**Student:** 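So that we are looking at the same thing, I have put the structure below in structure tokens.
Because only heavy atoms are used, hydrogens play no part in the values below, and waters and symmetry mates are left out as well, while side chains stay in. If you're wondering where the values come from, they're calculated on a predicted model, not measured in any experiment.
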Amino acid sequence: MKVDITPCLCSFPLGQEISLSVDVSCEALMELRVYKLDELVFEDGFQLASGTTCIDIPAMTACGGYGVECTFHGADDEVEAHTAFVVGPSPVVRYGFSCDFSPGHDVGTEIDAFLKMHIDTIQFYDWSYRHDDLVAPVPVYEDMMGKRNSLDVIRREIDMAHEKGMRALAYGAVYAACDDYWKRHPEQGLYDGAGRPITFIDVFRIMNVADDGWTNHMIFQYSKAMGEVGFDGIHLDAYGWPKSALDSAGAPVRLEERLPSFIDECRKGMKSRCGKDPFLIFNNVGAWPVTRTMDSSVDVVYCEIWPPMTRYRDLSTLIALCRTSGKPVVMACYPKAFRLDEPDRALVCQLLLSFVIAMHGATQLFFGDGGAVLTQGYYPDDSRLEPWQYDLVRCYQDFLVRYQDLMADDGLEDVSMTHQDWDNPEYGLSCPSSADGEGGKVWCHVREDGRRKVVYLVNLIGNDDLWNEGKSEPPRIDIDLDVLVLQKVRKAWCASPEEGRASLHGRLGVGDKGLVYSCRIRLHRVAMVYIEEE
């Protein structure tokens, strides 16, 4: 028996019934259970005919992530399945990409894949006619890289995204123009120290975001994308270089000083022209200049990660910095192992990476195009997932949605570097461990608010600490975890994407430093341990 269950919307307004699409290959009885973290909040049974059925369950009473566990009973078979859904405004943004707008393309496949991966915001990459003239004058056209696009396909995908509650953002570079535009407006260009016009990949002329003429021109273009095509906002792209340049008069331009005001002027101008507030994301390439732009009017703090930020600890430090903004944080991390390494090693790399990013309270841009992952900066050169890879990636995304309330909880303080190892007795593991993702050990990431304690475990035994390199399947190990507590433990459980959630049968004892809660965890790749005192 083949089964599948998917939410019908990327998120449900508080108070609205929850609709789930269920597909079965034969008649079956489905037992459905809905959880808020570890609490069972709804259960019921449904008799299903073969094929696809939409079922409605009562509205949930609180915002956040929910997990769905199902058991399907067929004539000769029993199958388990799961999914997750979000209710109300989410503290995170789940970002995906789309870049196939060829005439006749089936955009329904794209939207279905986004729903299965819980994507709520889509970047339409290289959809435009020209980087300085976004909306094409004809229905079918080639972009500046020679890719064939259809405005009808783009509009159809936007409409379908809106039907599912998703945002659609138009890719729009902040300073790229074709050669013809630059020739008409050389005074708007940027120049290097030798006085030469700056060009990117021999295709795009780099324009001056400090020039009012260029800024006003792009505000008009961005507004056309929203008004004429139907986008909800703009993905403001940058290339990371130049960081400083000369204007046409030879005066220095420090882009980190100008980009925040450029973003703010775009929001103000687009809102005035379109009559609605745009959703804006700016690409901090290599995290530059995120300390300036995250305090601008962007809706999301978004960083595209490249060397020298190669280690897990680099992601930890950067996400912590970005979260001080109080805005959702997205890491654009492109796992190159899907292009350069063995399929199984690529998959382990991505599974560990997605969990690492989520346990720090952020999300990852990597999935799109109806079932592909990004491995490099030009999105049409993505890599297709094999079905078995797709299923495990989806399993992890379900898990991250179900437990997003803990992962994105600003009330839980990161105490990883102060509460374990050396003479810090608060958390102890029976295996080689580290607090910052050291290779060859179990990464123990700890967050707490005193009464609630969350321990995230990432198994790096047999692997290095480079986030963008293929990884071997880590060994399954048993870990004894000791946690210093002040009160009796009210509840404790352990959850992992592969094994689901299970209550921990720990014990309280008295140690040298006081009351200790001890439990044993079976760890494969990753796990999350939740302990709550009375």
**Student:** Check this for me, if you would: do D409 and R452 make a salt bridge, where the nitrogen-to-carboxylate-oxygen distance has to be below 4.0 angstrom?
**Tutor:**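 Judged by the 4.0 Å cut-off on N to carboxylate O distance, D409 and R452 do form a salt bridge.
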**Student:** When you compare the side chain of R402 with that of V68, does any pair of heavy atoms fall below 4.5 Å?
**Tutor:**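 No, every pair of side-chain atoms sits at 4.5 Å or beyond.
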**Student:** Answer whether the closest heavy-atom distance between the side chains of I158 and F124 falls below 4.5 Å.
**Tutor:**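 Sidechains of F124 and I158: in contact.
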**Student:** Does R345 use its side chain to pair, donor to acceptor, with the backbone of G470 at less than 3.5 Å?
**Tutor:**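 Judged by distance alone, yes, a pair lies under 3.5 Å.
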**Student:** Quiz question: by atom type and distance under 3.5 Å, do the side chains of K441 and S433 form a donor-acceptor pair?
**Tutor:**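 The criterion, which ignores hydrogens and geometry beyond distance, is not satisfied for S433 and K441.
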**Student:** Picking from Y456, Y66, W493, what satisfies ring pair (Phe, Tyr, Trp, His ring centres under 6.0 Å) with Y403?
**Tutor:**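 Among Y456, Y66, W493, the one meeting ring pair (Phe, Tyr, Trp, His ring centres under 6.0 Å) with Y403 is W493.
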**Student:** Any side-chain heavy-atom pair from Y95 and Q364 closer than 4.5 angstrom?
**Tutor:**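 Result no, sub-4.5 Å side-chain heavy-atom pair not found.
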**Student:** Measuring only between side-chain heavy atoms, which start at C-beta, is V34 closer than 4.5 Å to L40?
**Tutor:**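 Counting from C-beta outward, V34 and L40 never come under 4.5 Å.
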**Student:** Regarding D23 and K2, does a basic nitrogen lie under 4.0 Å from an acidic carboxylate oxygen?
**Tutor:**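 K2 and D23: not salt-bridged.
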**Student:** Would the number of heavy atoms belonging to other residues, nucleotides or ligands and lying under 6.0 Å from CD of E17 be above 12?
**Tutor:**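 For E17, atom CD is crowded (more than 12 foreign heavy atoms under 6.0 Å).
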**Student:** Sub-3.5 Å donor-acceptor pair from the side chain of S430 to the main-chain atoms of D480, do we have one?
**Tutor:**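 Judged by distance alone, yes, a pair lies under 3.5 Å.
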**Student:** Output the distance between atom CD1 (I111) and atom CD1 (I122), rounded to the nearest 0.5 Å.
**Tutor:**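 Here the interatomic distance stands at 4.0 Å.
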**Student:** Working to the nearest 0.5 Å, report the span between CG of L412 and CG of D410.
**Tutor:**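 Reported value, rounded in 0.5 Å steps: 9.0 Å.
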**Student:** Taking NZ, NE, NH1 and NH2 as the nitrogens, is one of them in E469 or K336 under 4.0 Å from a carboxylate oxygen of the other?
**Tutor:**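 Result for this pair is yes, salt bridge flagged.
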**Student:** Does some side-chain heavy atom of Q376 sit less than 4.5 Å from a side-chain heavy atom of Y334?
**Tutor:**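 No, side chains not in contact.
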**Student:** Quick check: W127 with F101 (ring centres under 6.0 Å apart)?
**Tutor:**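 Here the rings of W127 and F101 have centres that are no less than 6.0 Å from each other.
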**Student:** Relative to the ring of Y171, is the ring of H235 parallel (under 30°), tilted (30 to 60°) or perpendicular (over 60°)?
**Tutor:**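 If you compare the ring of H235 with that of Y171, the planes turn out parallel.
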**Student:** Any side-chain to backbone donor/acceptor pair from D112 onto T109? Under 3.5 Å, distance only.
**Tutor:**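 No, because the side chain of D112 does not come within donor-acceptor range (under 3.5 Å) of the backbone of T109.
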**Student:** Answer whether the closest heavy-atom distance between the side chains of Q397 and L392 falls below 4.5 Å.
**Tutor:**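 Heavy-atom side-chain distance check fails, nothing below 4.5 Å.
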**Student:** For atom CG of D423, decide whether the heavy atoms of other residues, nucleotides or ligands shown that lie under 6.0 angstrom number more than 12.
**Tutor:**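 Result for CG/D423: enclosed.
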**Student:** Tell me whether N284 contacts the main-chain N or O of Y302 through its side chain, where contact means a donor paired with an acceptor under 3.5 Å.
**Tutor:**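 Yes.
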**Student:** Compare all side-chain heavy atoms of C322 with those of V290 and state whether any distance is below 4.5 angstrom.
**Tutor:**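 Yes, at least one pair of side-chain atoms sits under 4.5 Å.
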**Student:** Are R501 and Y35 in a cation-pi setup, meaning NZ or CZ lies under 6.0 angstrom from the ring centre and within 45 degrees of the ring axis?
**Tutor:**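 Yes, R501 sits over the ring of Y35.
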**Student:** Fit a plane to each ring of W443 and H445, take the angle between them on a 0 to 90° scale, and name the class: parallel (under 30°), tilted (30 to 60°) or perpendicular (over 60°).
**Tutor:**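 W443 vs H445 ring planes: perpendicular.
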**Student:** Would you please say whether a donor-acceptor pair under 3.5 Å links the side chains of S98 and D100?
**Tutor:**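 The criterion, which ignores hydrogens and geometry beyond distance, is not satisfied for D100 and S98.
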**Student:** Got a donor-acceptor contact below 3.5 angstrom from the D405 side chain to the G65 backbone?
**Tutor:**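 Indeed, once roles are kept as given, a pair shorter than 3.5 Å links the two residues.
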**Student:** What orientation do F355 and F399 show, parallel under 30°, tilted 30 to 60°, or perpendicular over 60°?
**Tutor:**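 Plane angle between 30° and 60°, so tilted.
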**Student:** Take E532 and R490, measure what salt bridge (charged side-chain N to carboxylate O under 4.0 Å, His left out) needs, and give me the verdict at the end.
**Tutor:** CA-CA 6 Å; E532 183 178 316; R490 189 174 80 87; 2.7 Å; yes
**Student:** Taking the side chain from N463 and the backbone from S472, do they hold a donor-acceptor pair closer than 3.5 Å?
**Tutor:**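 Confirmed, N463 side chain pairs with S472 backbone.
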**Student:** I want to check something: taking the side chain as every heavy atom from C-beta on, are V454 and V446 in contact at a cut-off of under 4.5 Å?
**Tutor:**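 SC-SC contact between V454 and V446 ruled out.
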**Student:** Please answer whether the main-chain N or O of M294 pairs with a side-chain N or O of K327 as donor and acceptor at a distance below 3.5 Å.
**Tutor:**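 Flag set: sc K327 to bb M294 pair under 3.5 Å.
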**Student:** Using a 6.0 Å cut-off, check whether atom CD of E499 has over 12 heavy atoms from anything other than its own residue.
**Tutor:**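 Check fails, neighbour count at 12 or below.
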